[in-house]
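Take a look at the structure set out below.
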Amino acid sequence: MPELPEVETTARGIAPFLIGQQFTHVRVHQPSLRWPIPSDFEQRLNNEICVSVERRAKYLIIETTNTQIVSHLGMSGSFRLVDPTTPLKKHDHVQIRVGDLELRYHDPRRFGCLLWCESDRAQQLLQHLGPEPLSDAFNGAWLFARSRGRHLAVKSFIMTNAIVVGVGNIYASESLFLSGIHPQRAANRISAVRYERLAAEIKEVLARAIASGGTTLRDFVNGQGEPGYFQQTLAVYGRDGEPCRHCAQPIQSRVIGGRNSYYCLTCQR
DNA sequence: ATGCTAACCTGCGCGC
DNA sequence: TGCGCGCAGGTTAGCA
């Protein structure tokens with residue numbers, strides 16, 4: 001599930017309950033994620049005081065007095081705060097007591113990770129990340145400059161983390177629809193003006209999704225339900241064969257860069 | 001360098 | 001009801 005808005009919502013949701021608190025009763029039940037949870041995770045994290053919880057790209061950075069954790073939720077990961085007496089669910093891989101609550105990392109597909117920030121692996125993951133989509137460093141001029149000489153489909157281009165972070169499969173389709181750009185168009189065959197529009201739509205759609213996800217923060221405490229943004233009306237994603245909300249022509253779908261992609265043949269060129 | 005594919009895993013929904 | 005198949009929000013490794 002996690003696209004950038006969900007990671008941001010997670011960070012904002014858990015931060016107030018973690019910051020200033022001591023981590024105790026740290027337990028790892030299943031270390032084999034995308035990369036193994038370090039063997040000293042329990043021992044080294046136990047009794048640490050949480051200092052901050054931040055998001056970078058789709059990574060969560062949890063800082064304590066003496067160390068720093070980098071976590072990615074992969075395709076199916078989530079952090080939830082629950083009452084410590086709540087029975088463990090299948091695929092609850094890590095539990096950390098935080099005051100009166102317990103933080104649990106849950107990840108059925110195990111594509112996520114929990115790493116020490118200073119590890120070679122974590123540094124490798126973080127070092128080539130492009131600008132944050134909601135920052136001023138990300139704009140149409142940046143996309144235009146970086147796309148010269150690139151022949152790949154624009155959808156694959158904006159999903160490349162070295163270009164811009166946090167644009168996942170859902171919001172790539174959505175932002176291209178909103179900017180009237182065909183997802184298959186070669187990245188270097190799009191004008192500066194159209195990239196200006198695309199950058200603006202990426203910011204807009206992500207900001208809206210974060211605002212909508214932010215309405216369900218309490219879900220992180222009682223551990224129920226999914227963030228609300230996912231219920232928002234999507235213009236094209238997953239609407240294969242349904243009428244375009246703009247022109248009523250059926251929404252098309254095809255695989256681009258190995259990912260299913262949705263678009264309107266009439267509205268997107 | 002660029003760009004494409006396979007791979008990592010489990011769960012779910014669908015057709016039979 | 002059960003079973004097999006295809007597909008799923010991400011990202012890296014490896015190969016042309």
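These figures come from a predicted structure and were not determined experimentally. Throughout, a chain's letter reflects where its sequence line sits, starting with A, and its residues are numbered from 1.
Atom pair A:W35:CH2 and C:dA13:P shows a separation of 6 Å (rounding to whole Å applied). Summarising the geometry, the separation between CE on A:M75 and C1' on B:dA6 is reported as 14 Å, rounded to the nearest angstrom. Regarding A:N188, its CG atom lies at a distance of 12 Å from the C1' atom of B:dT2, rounded to whole Å. Atoms CG (A:L152) and P (B:dC4) sit 6 Å apart, rounded to a whole Å. With rounding to whole Å, A:D107 atom CG is found 13 Å from C:dA8 atom C1'. Atom NZ in A:K155 sits about 8 Å away from atom P in C:dG9, given to the nearest Å. Per the geometry, CZ belonging to A:R109 stands 10 Å off P belonging to C:dA8, to the nearest Å. Taking atom CG of residue A:L125 and atom C1' of nucleotide C:dA13, one finds them 13 Å apart after rounding to whole Å.
Residue A:A153 is the one, among A:A153 and A:K90, whose nearest nucleotide of DNA chain B lies closer to the 5' end (criterion: closest heavy atom). Between A:F111 and A:Q124, the one whose closest nucleotide on DNA chain C sits nearer the 5' end is A:F111.
An OP1 or OP2 oxygen of B:dT2 is reached within less than 4.0 angstrom by no side-chain nitrogen or oxygen of A:H151. For the OP1/OP2 pair of B:dT10 and a distance below 4.0 Å, the side-chain nitrogens and oxygens of A:R34 include no atom meeting the criterion. Using a 4.0 Å cut-off, no side-chain N or O of A:Y171 falls inside it from OP1 or OP2 of C:dG9. For A:K58, no side-chain nitrogen or oxygen approaches OP1 or OP2 of C:dG9 to under 4.0 Å. Using a 4.0 Å cut-off, some side-chain N or O of A:N260 falls inside it from OP1 or OP2 of C:dA8. For C:dT11, neither phosphate oxygen OP1 nor OP2 lies less than 4.0 angstrom from any side-chain nitrogen or oxygen of A:R259.
Here the nucleotide nearest the side chain of A:Y237, chosen from C:dA8, C:dT12, B:dT10, is C:dA8. Candidate nucleotides B:dG11, B:dG3, C:dT11 were compared by shortest atom distance to the side chain of A:H91, and B:dG11 ranks first.
Scanning atom types as modelled, no donor and acceptor separated by under 3.5 angstrom connect the side chain of A:R150 and the base of B:dT2.
Exactly one of A:Y59, A:F111, A:Y105, A:F79 qualifies for a ring-ring contact (aromatic ring centres under 6.0 Å, His included) with A:H72. That residue is A:Y59.
Using modelled atom types, one finds a donor on one side chain and an acceptor on the other under 3.5 Å when comparing A:N169 with A:K155. Side-chain atoms of A:R110 and A:S32 include a donor-acceptor pair closer than 3.5 Å. In the model, A:D107 has a side-chain atom that pairs as donor or acceptor with a side-chain atom of A:S76 under 3.5 Å. Judged purely by distance below 3.5 Å, without hydrogens or angles, the side chains of A:S175 and A:E201 never pair a donor atom with an acceptor atom.
Nucleotides B:dA6 and C:dG6 have their P atoms positioned 14 Å apart, rounded to a whole Å. A gap of 15 Å separates the P atoms of C:dC7 and B:dT5, to the nearest Å.
Hydrophobic clustering keeps A:Y263 apart from A:I181 (ILVMFWY residues linked when any side-chain heavy atoms are closer than 4.5 Å, directly or through intermediates).
As judged by a 4.0 angstrom heavy-atom cut-off over every strand, A:R110 is placed among residues touching the sugar-phosphate backbone only. At a threshold of 4.0 angstrom between heavy atoms, the contacts of A:G168 are confined to the sugar-phosphate backbone, with no base atom among them.
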Canonical and wobble pairing (Watson-Crick, G-U, under 3.5 Å) of DNA chain B, dot-bracket with |: .|||||||.|||||||
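By the 4.5 Å heavy-atom criterion applied to side chains, A:I62 and A:E54 are not counted as neighbours.
For A:R80 (side chain) and A:V82 (main-chain N/O), no donor-acceptor pair under 3.5 Å exists by modelled atom type.
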